[in-house]
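Quick notes on the structure that follows.
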Amino acid sequence: MKIHYNHPFHLVNMSPWPLTGAIGAMTIASGLIKWFHNFSTTILTIGFLITLLTMYQWWRDISREGTFQGHHTLKVNLGLRWGMILFITSEVFFFISFFWAFFHSCLSPNIELGTLWPPMGIYPFNPLQIPLLNTSILLASGITVTWAHHSLIHYNFTQTTQALILTIMLGIYFSILQAYEYIEAPFTISDAVYGSVFFVATGFHGLHVIIGTIFLTVCLMRHLMNHFSSNHHFGFEAAAWYWHFVDIVWLFLYISIYWWGS
């Protein structure tokens with residue numbers, strides 16, 4: 001028997017995916033410890049498989065609810081928008097803590113750092129080489145994701161596909177360049193507070209780029225399956241908001257850590 005509710009809200013059904021997601025996260029954490037100490041990746045691989053399967057099943061359910069079952073009403077859509085806004089706000093404060101640590105150390109370097117910034121023995125990256133290229137890549141990706149959004153609004157679905165593919169390719173290119181930069185780095189995460197702040201801040205940003213790239217890839221797949229229309233595509237809007245946030249954080253990282261801090 002089908003139950004009808006006289007309200008516009010979506011009362012979600014019971015789902016196992018939060019539980020399996022938590023199990024996957026715990027398995028990844030345990031696998032990382034195993035990898036660091038015993039150089040074994042078995043548990044880590046299992047954790048990634050559990051997490052990937054959870055992501056696929058959970059996104060499938062949400063896509064089904066929003067696209068085919070009509071649960072994402074205007075009221076629900078508004079709640080989703082506020083949820084994404086608050087999530088990005090929490091991410092802003094997450095990165096503020098890294099900038100706080102960086103400026104606390106560099107504006108008045110203590111005696112342990114040799115009263116120098118960067119600390120003695122640290123040779124920072126040239127901001128006009130790979131960091132500048134990565135900056136141009138992310139700025140270009142911000143343009144392409146905006147192009148995709150406007151194309152979707154104006155019913156130009158072919159250009160939406162093209163722009164999304166370009167954005168995803170730029171995100172992958174950025175991640176490859178950052179990995180190369182890490183491999184060639186003349187210092188490590190254990191080299192004073194400079195190395196710690198540099199690798200934690202840029203590393204978490206790199207993780208956000210990977211997450212954003214996955215987010216946009218899922219949106220591309222949904223777009224190719226005609227899940228989005230010109231006035232019903234919040235999943236893509238949320239991905240675009242997230243991507244612009246990643247762009248802005250990188251600009252602050254580039255200006256403060258790569259350019260000014262070097």
Side-chain donor/acceptor pairs under 3.5 Å, residues 168-180, sequence neighbours excluded:
from	atom 1	to	atom 2	distance (Å)
Ser175	OG	Gly171	O	3.2
Gln178	NE2	Thr202	O	3.0

In Å and rounded to the nearest 0.5 Å, what is the SG to NE2 distance from Cys106 to His104?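 Going from the SG atom of Cys106 to the NE2 atom of His104 covers 10.0 Å.
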Looking at OG of Ser63 and CE of Met225, how far apart are the two atoms once the value is rounded to the nearest 0.5 Å?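 The distance works out to 7.0 Å.
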Closest heavy-atom pair and its distance - Phe9, Lys75: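 In terms of heavy atoms, the two residues are closest at CE2-CG, 3.2 Å.
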Could you list all the ring pair (Phe, Tyr, Trp, His ring centres under 6.0 Å) pairs where at least one residue sits in residues 72-93, not counting sequence neighbours?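 Non-adjacent pairs meeting ring pair (Phe, Tyr, Trp, His ring centres under 6.0 Å): zero.
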In terms of heavy-atom contacts, does CG of Leu86 have more than 12 from other residues, nucleotides or ligands at under 6.0 Å?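 Check passes, neighbour count above 12.
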Is it the case that more than 12 heavy atoms not belonging to Trp100 sit under 6.0 Å from its CH2 atom?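 Open: at most 12 neighbouring heavy atoms sit under 6.0 Å from CH2 of Trp100.
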Compute the ring centroids of [X] and [Y], then answer whether they are less than 6.0 Å apart.
X	Y	answer
Phe199	Tyr182	yes
Phe215	Trp241	no
Phe102	Trp117	yes

Applying the 4.5 Å side-chain criterion to the ILVMFWY set and letting contacts propagate, would Leu19 and Leu49 be lumped into a single cluster?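 No, it is not one cluster - the side chains of Leu19 and Leu49 are not joined through contacts under 4.5 Å.
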Taking the inter-plane angle between the rings of Phe98 and Phe94 on a 0 to 90° scale, is it parallel (under 30°), tilted (30 to 60°) or perpendicular (over 60°)?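 Perpendicular, since the angle between the ring planes exceeds 60°.
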side-chain hydrogen bond (donor to acceptor under 3.5 Å, both in side chains) evaluation trace for Thr167 with Thr144: CA-CA 6 Å; Thr167 308; Thr144 55; 2.7 Å; yes
How does the hydrophobic cluster around Phe36 look, that is, which other residues are in it when side-chain heavy atoms under 4.5 Å mark a link?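 Besides Phe36, the cluster holds Ile28, Leu32, Trp35, Leu44, Phe48.
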Only one of Trp259, Tyr258, Trp250, Tyr254 passes side chain to side chain donor-acceptor pair (under 3.5 Å) with Thr135; say which it is.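 For Thr135, the side chain to side chain donor-acceptor pair (under 3.5 Å) test succeeds with only one of Trp259, Tyr258, Trp250, Tyr254, which is Trp250.
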